Structure formats: C-alpha cells, structure tokens
K.L.:
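If you scroll down you'll find the structure; I have some questions about it.
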Amino acid sequence: MLIEKTTLVSHSFKRSALKNKETDAESDFTTTTSRSCSYPLEETERRTFKTKEGKAITAHQWAVYDFVRTIPVGKVTTYKVVCSALGAGSPRSVGTALRNNPFAPFVPCHRVIASTGYIGGFFGEWNSPTNHAQRKQVQRKIELLNQEGVEFTDKGYLMGGKEIIWQETN
DNA sequence: GCCATGGCTAGTA
DNA sequence: GCCATGGCTAGTA
C-alpha cells in the first residue's frame with residue numbers, strides 16, 4: 001500500500017471555543033481533526049496529490065511536513081530548526097509551507113514556533129511580539145499546545161527550558 | 001522569467 | 001537579508 005492510513009485522535013476542544021462562530025479555517029481544522037487522514041508517502045502519490053482546493057504540494061513542502069511529523073507531543077521546534085535540519089529553504093519558506101498544511105493536526109504545525117520562543121503564527125494569522133494582540137487562530141495554537149503540556153507566558157513566549165525544543169530528526 | 005509576498009531571523013541600538 | 005511560492009507577462013510553437 002502506498003498510503004499510510006492514520007486515524008486521527010480527536011482533541012478535546014473546549015466547548016466554549018466550538019460554540020463561538022467559527023472562521024472557515026477553524027471549522028476546517030475541527031473537521032480534519034475528527035476525520036481519518038491519508039498521508040501519502042510514495043513519490044507518485046505525492047506528485048498527483050491535490051488539496052481540496054485543488055492545489056499541488058511541492059517537494060519542499062513535503063519535506064517540511066515529513067520533518068514536522070516527527071515532533072513528539074510535549075515538544076515544539078522552530079522554523080529555523082526545520083530549515084536547518086532539511087538543509088534547504090528558509091524559516092520563511094517553512095512558514096509558507098505550514099500555513100497551507102492540509103494535514104493538520106496529523107502534521108502538527110502547531111508545534112512550530114519562532115526561534116525567539118515566541119508563539120508565532122497559525123493558519124495565516126500572526127501575533128506581533130511587540131504588540132501582542134491575541135488573534136483567534138494563534139490563541140487556538142496556544143490552547144492546543146497547553147493540552148499537550150507546553151505552556152506560554154501571557155506575552156506569548158514559551159515557558160520552560162531549551163529541552164522543550166525538538167532538534168532530532170526522529 | 002519577473003516581481004511581490006510572507007506564520008522569520010540575525011544583528012544593531 | 002533570506003528563499004520558496006504564486007500570480008502575471010512575454011515569448012515561443
């Protein structure tokens with residue numbers, strides 16, 4: 001079989017969050033979470049893969065997803081670590097790949113933060129560290145990480161030591 | 001091809 | 001400054 005079949009475990013989202021009017025991205029995310037997801041591993045499958053918007057995924061994006069998949073629960077990594085580990089791309093190209101991640105949360109893009117320890121962005125939203133106005137998606141990213149035991153300050157910075165930053169390739 | 005656009009970062013101040 | 005994408009031409013066939 002060319003495809004790794006994976007049934008995603010439903011996260012226990014807070015009812016209050018689900019009750020609120022959901023943005024498109026949010027409802028997509030929720031739907032994806034409760035469904036099973038096929039993550040193609042074979043080159044041929046990957047070349048023909050189309051997102052539900054009909055878009056293809058580039059080789060670089062697949063490489064980013066493969067790496068991000070290996071980040072364990074309870075850890076995070078940074079955009080910089082990802083591109084260094086790949087030996088290609090830039091922190092920005094990693095961010096671009098992740099904002100379009102069609103495999104969330106199987107590919108746990110919420111576990112990638114800025115190298116300063118700042119929470120960074122989520123599905124196209126970005127909180128400025130200098131003016132930390134909470135955006136809804138980013139709030140959600142923090143909630144997801146909290147559920148995994150990773151905590152952030154009220155200014156949006158990672159709490160705890162460097163050991164929380166995942167560096168390995170598996 | 002060209003050019004603008006980012007979920008960034010290193011290096012100043 | 002970085003560099004992969006994506007939208008758009010221009011130029012070929």
Side-chain angles (χ1 to χ4, degrees), chain A residues 11 13 17 22-33 37 39-40 43 46-148 150-162 164-167 169:
Chain A
H11 288 272
F13 293 129
E22 293 173 355
T23 65
D24 285 350
E26 225 175 358
S27 63
D28 283 353
F29 187 82
T30 310
T31 307
T32 309
T33 308
C37 158
Y39 184 73
E43 211 33 57
R46 292 186 168 192
R47 269 197 295 268
T48 55
F49 184 91
K50 291 281 189 298
T51 66
K52 66 180 196 294
E53 295 83 21
K55 293 170 73 175
I57 292 171
T58 66
H60 179 254
Q61 288 169 166
W62 285 117
V64 171
Y65 300 154
D66 286 341
F67 182 84
V68 170
R69 266 215 308 152
T70 67
I71 308 167
V73 175
K75 304 273 185 184
V76 293
T77 194
T78 70
Y79 302 102
K80 184 192 174 178
V81 166
V82 176
C83 69
S84 304
L86 296 182
S90 69
R92 257 194 146 139
S93 68
V94 172
T96 301
L98 292 182
R99 76 177 292 170
N100 300 317
N101 171 23
F103 305 109
F106 177 65
V107 172
C109 48
H110 61 285
R111 296 186 196 138
V112 185
I113 67 174
S115 64
T116 55
Y118 189 65
I119 182 65
F122 200 43
F123 288 111
E125 282 186 3
W126 175 262
N127 279 0
S128 161
T130 52
N131 178 20
H132 182 69
Q134 284 278 13
R135 313 294 235 100
K136 206 169 178 192
Q137 293 297 322
V138 179
Q139 179 108 25
R140 180 141 186 65
K141 180 177 182 178
I142 294 176
E143 283 173 14
L144 286 169
L145 287 169
N146 286 346
Q147 288 169 24
E148 298 180 356
V150 180
E151 309 273 17
F152 289 82
T153 67
D154 55 359
K155 299 283 187 193
Y157 283 88
L158 179 67
M159 295 176 77
K162 289 262 188 207
I164 301 173
I165 309 284
W166 177 249
Q167 305 269 2
T169 51

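Chain identifiers are assigned alphabetically (A, B, ...) following the order of the sequence lines, protein sequences preceding nucleic acid strands; residue numbering begins at 1 within each chain. These figures come from a predicted structure and were not determined experimentally.
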K.L.:
Check each of Lys141(A), Arg140(A), Glu148(A), Glu143(A) against His110(A) using the side-chain hydrogen bond (donor to acceptor under 3.5 Å, both in side chains) test, and report the only one that passes.
P.N.:
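Running side-chain hydrogen bond (donor to acceptor under 3.5 Å, both in side chains) over Lys141(A), Arg140(A), Glu148(A), Glu143(A) with His110(A) returns exactly one hit, Glu148(A).
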
K.L.:
If you restrict it to nitrogen or oxygen atoms, what contacts under 3.5 Å exist between nucleotides 1-3 of chain C and the protein, and what is each distance?
P.N.:
residue	atom	partner	partner atom	Å
dC3(C)	O4'	Ser90(A)	OG	3.3

K.L.:
Of Thr96(A) and Ala114(A), whose closest DNA chain B nucleotide lies nearer the 5' terminus?
P.N.:
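Result of the comparison: Thr96(A).
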
K.L.:
Can you sort out the partners of Tyr118(A) under ring-ring contact (aromatic ring centres under 6.0 Å, His included), two or more places apart, ordered by chain and number?
P.N.:
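Result, ring-ring contact (aromatic ring centres under 6.0 Å, His included) vs Tyr118(A): His132(A), Tyr157(A).
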
K.L.:
Do any N or O atoms of the protein come closer than 3.5 Å to N or O atoms of nucleotides 10-13 of chain B, and which pairs are they?
P.N.:
residue	atom	partner	partner atom	Å
dA10(B)	OP1	Lys80(A)	NZ	2.2

K.L.:
For the pair made of CG in Asn101(A) and P in dT5(C), what is the distance, rounded to whole Å?
P.N.:
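Answer to the nearest Å: 14 Å.
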
K.L.:
Rounded to the nearest Å, what distance is computed from the CD1 atom of residue Ile119(A) to the C1' atom of nucleotide dC8(B)?
P.N.:
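From Ile119(A) CD1 to dC8(B) C1': 15 Å.
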
K.L.:
Give the minimum heavy-atom separation between Cys109(A) and Val68(A), together with the two atoms involved.
P.N.:
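Shortest heavy-atom contact: N-CG1, 4.1 Å.
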
K.L.:
List in chain and number order the residues that pass side-chain contact (heavy atoms from CB on, under 4.5 Å) with Arg92(A), two or more places apart in sequence or in another chain; answer none if no residue qualifies.
P.N.:
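Result, side-chain contact (heavy atoms from CB on, under 4.5 Å) vs Arg92(A): Ser90(A).
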
K.L.:
Minimum heavy-atom separation for Trp126(A) and Gly120(A), please, with both atom names.
P.N.:
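So the minimum-distance heavy-atom pair works out to CZ3-CA, 3.1 Å.
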
K.L.:
CG of Asn101(A) to CZ of Phe123(A): how many Å apart, nearest 0.5 Å?
P.N.:
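Result: 5.5 Å between the selected atoms.
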
K.L.:
Does DNA chain B take part in any stems of at least 3 consecutive Watson-Crick or G-U pairs (both distances under 3.5 Å), and if so, which ones?
P.N.:
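So far as stems of 3 or more pairs are concerned, DNA chain B shows B:1-6 with C:3-8.
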
K.L.:
Tell me the closest heavy-atom pair linking Ile57(A) and Pro102(A), and the distance in Å.
P.N.:
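Looking at all heavy atoms of both residues, the shortest contact is CD1-CG, 3.7 Å.
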
K.L.:
Looking at Lys50(A), I want to see if its NZ is surrounded by more than 12 non-hydrogen atoms of other residues, nucleotides or ligands under 6.0 Å.
P.N.:
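Enclosed.
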
K.L.:
Separation of Tyr65(A) atom OH from dA4(C) atom C1', in whole Å?
P.N.:
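For the pair Tyr65(A) OH and dA4(C) C1', the rounded distance is 12 Å.
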
K.L.:
Just the rounded figure in Å: distance from P of dG6(B) to CD of Gln61(A).
P.N.:
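The distance from CD of Gln61(A) to P of dG6(B) comes to 16 Å, rounded to the nearest Å.
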
K.L.:
Leu144(A) and Phe122(A): which non-hydrogen atoms are nearest, and at how many Å?
P.N.:
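Minimum heavy-atom contact is CD1-CZ, 3.9 Å.
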
K.L.:
Under 4.5 Å between any side-chain heavy atoms of Asn127(A) and Gln134(A), yes or no?
P.N.:
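Touching, per the 4.5 Å side-chain cut-off.
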
K.L.:
Just how far, in rounded Å, is C1' of dG7(C) from CG of Asn100(A)?
P.N.:
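Those two atoms, CG and C1', are 14 Å apart.
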
K.L.:
Check every strand shown and say whether Val138(A) touches a base, only sugar-phosphate, or nothing at a heavy-atom separation below 4.0 Å.
P.N.:
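It contacts nothing in the nucleic acid.
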
K.L.:
If I take atom OH in residue Tyr79(A) and atom P in nucleotide dT5(C), what distance separates them, rounded to the nearest angstrom?
P.N.:
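About 16 Å, once rounded to whole Å.
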
K.L.:
What pairs with Trp62(A) under ring-ring contact (aromatic ring centres under 6.0 Å, His included), at least two apart in sequence or on another chain?
P.N.:
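So Trp62(A) forms a ring-ring contact (aromatic ring centres under 6.0 Å, His included) with Tyr39(A), Phe49(A), Phe103(A).
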
K.L.:
What integer distance in Å separates Asn127(A):CG from dC8(B):C1'?
P.N.:
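Roughly 15 Å, once rounded to whole Å.
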
